[in-house]
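Notes for the one structure printed next.
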Protein chains: 2
Amino acid sequence: MVERVVPEERRQRRRPTKQGAVLSERLIVETALRLVAQHGAEALSVRRLGAALGADPSALYRYFRNTDALLLALADELIGRAQEGWRPTGDWRADLRAIGLRIHASYQSNPQAALLAAHRTTGRVHETRAVETILGILRSAGFPDPLAVRVYHAFVDQALAFAAQDAAALALPAAAQEADAEVWHQAYGRLPADTHPNVAATFPLLAADMRGSGYPFALELLLDAIAARLPAAR
Amino acid sequence: MVERVVPEERRQRRRPTKQGAVLSERLIVETALRLVAQHGAEALSVRRLGAALGADPSALYRYFRNTDALLLALADELIGRAQEGWRPTGDWRADLRAIGLRIHASYQSNPQAALLAAHRTTGRVHETRAVETILGILRSAGFPDPLAVRVYHAFVDQALAFAAQDAAALALPAAAQEADAEVWHQAYGRLPADTHPNVAATFPLLAADMRGSGYPFALELLLDAIAARLPAAR
DNA sequence: AGCTTACGACAACACCATTGACGTGTCATG
DNA sequence: CATGACACGTCAATGGTGTTGTCGTAAGCT
């Protein structure tokens, strides 16, 4: 097969499609995100995306070598949106907290796409910038390189894992979402104290706490532990 | 469409297929798990499963209303297998670590099914038993109820989130898996020191560390932080 | 022994990603 | 301003997917 993809920056000719659309990597990514947001993850197919763009499906292969490459571009776009407008404060702990919460929030804003994208390594610009930033925060805070790398890994994986996990809940149909919450109260609210004493004793607390995401507290705990491993400065 | 599925317990006639196999829910689930284990996640299709069973693909629809129902059955089977044989030691930290790693490991053993399971609250016996156990460990370790509940939430969500995250990576088509690994060397190995000094400085460490899961270290950090919040005993 | 019907098989449908071939509109060159 | 090269949108085809309407037959009841 001949390589059909021309890198975006080297693209010169832009011929409109029969329906008048002028394609670009940007337009394709944005249309794909819109498609997923409006009609769910399963609505994202080359054929449907082509239709939404007003182009033949195969035209997409002039921009992405396959659907995997497109998916990576979507993932990178989400990472990029998470970083928009953020500036480091110089306080490593505050900065890490902000980045973690921003990644989480960005993925929640498009749960369907987040589910597709959260577990990929893109190697694209937004991602490499985020990696560079986080590593910079840790190294200039005084973590020696081997520790900085391990901490980076745990921090990033946890942010992405929670983001995907919470996105999955949001991605459920609204009806199924409420039904799930109901089932939770039904099943756990009625567990008898003789077989499940600990659940029974803490049920009101549990029910209240499980409403929200576990991420903010888990992040705080992670930051606690990281701080404890920071070699005493001075 | 007519409902084709007859519940397993009410099944009476067992007609062999042309190739002589006698189908059952058990046989189908076990064959499916074997198929995935031997030939990878992408080998699991209705057609291939039918072929592996020695039956027409459409015969499966006499046992499962669709592939989602089949995958749920696979997931349920895995949950059952995972909990076998674990006993608490009385050391809260060792017990939590063991539970976390067990959940993680069992999901890795069949990523495809794990992806479905990790995002759903079943409220069924295996799940409620796990909740009861973890809460019991925390409460008898001396955590006051409100803290025990928050810690429980963070711990469980972390385990499930990482399990799903790492399962997702394993469930990718082999090609995408290799692509992700390649990206680390291609994209991150070539980032110039003037734009990405921190990545450039730590690249060998990074490439080595990112090969494995971030969970074991993230779990250890979480346990560190939890221990630090345990009210001094005595 | 005969009847009912469960269940396996067949064939078809609608969708999917991907690719080779083609021709036209766009741009760089002169 | 004309021209030639070729980028890129289009077409058509391939081989995959899950799913379903229909049918015959053999299993198991009476």
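Each chain gets a letter, A, B and so on, in the order the sequences are listed, and its residues count up from 1.
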Exercise. Just call it for A:Tyr63: base, sugar-phosphate, or nothing, with non-hydrogen atoms closer than 4.0 Å on any strand.
Key: sugar-phosphate

Exercise. With heavy atoms under 4.0 Å as the rule, sort A:Ala55 into base, sugar-phosphate or nothing.
Key: sugar-phosphate

State plainly whether the residues [X] and [Y] are in salt-bridge range, i.e. N to O under 4.0 Å.
| X | Y | answer |
| --- | --- | --- |
| A:Glu127 | A:Arg124 | no |
| B:Arg81 | B:Glu77 | yes |
| B:Asp56 | B:Lys18 | no |

Closest to side chain of [X], choosing from [options]:
| X | options | value |
| --- | --- | --- |
| A:Arg13 | D:dA5, C:dA9, D:dT19 | D:dA5 |
| A:Tyr61 | C:dC10, D:dC8, C:dT19 | C:dT19 |
| A:Arg48 | C:dC16, D:dG9, C:dG25 | C:dC16 |

Whole Å only: how far is the [atom1] atom of [X] from the [atom2] atom of [N]?
| X | N | atom1 | atom2 | value |
| --- | --- | --- | --- | --- |
| B:Asp68 | D:dG18 | CG | C1' | 12 Å |
| A:Leu60 | C:dC16 | CG | P | 13 Å |
| A:Arg11 | C:dT26 | CZ | C1' | 14 Å |
| B:Leu27 | C:dC7 | CG | P | 15 Å |
| A:Ile28 | D:dC8 | CD1 | P | 11 Å |
| B:Glu42 | C:dA17 | CD | P | 17 Å |
| B:Phe64 | C:dG8 | CZ | P | 12 Å |
| A:Asp56 | C:dT19 | CG | P | 15 Å |

Practice problem: Give a yes or no answer on whether the side chain of A:Arg11 reaches the backbone of A:Val6 with a donor-acceptor pair at less than 3.5 Å. | Solution: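 Yes, A:Arg11 side chain to A:Val6 backbone: donor-acceptor pair under 3.5 Å.
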
Quiz item: Is A:Arg4 side chain donor-acceptor paired with the D:dG9 base, going by distance under 3.5 Å alone?
Solution: no

Quiz prompt | B:Arg15 (side chain) and C:dG8 (base): donor-acceptor pair under 3.5 Å | solution =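 Side chain to base: no pair below 3.5 Å.
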
Exercise. Using heavy atoms to find the nearest nucleotide of DNA chain D for B:Ser58 and B:Arg14 separately, return the residue whose nucleotide is more 5′.
Key: B:Ser58

Practice problem: Return the 5'-most residue of the pair B:Arg47, A:Ser45 with respect to DNA chain C, ranking by each residue's nearest nucleotide. | Solution: B:Arg47

Quiz prompt | Given DNA chain C, 5'-ward residue of the pair A:Pro16 and A:Pro57, judged by closest heavy atom | solution =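 Going by which nucleotide is closer to the 5' end, it is A:Pro57.
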
Quiz item: When you measure from the centre of the six-membered ring of A:Phe217, is the NZ or CZ of B:Arg150 under 6.0 Å away and within 45° of the axis?
Solution: yes

Quiz item: OP1, OP2 of C:dC10 versus side-chain N and O of B:Lys18: anything below 4.0 Å?
Solution: yes

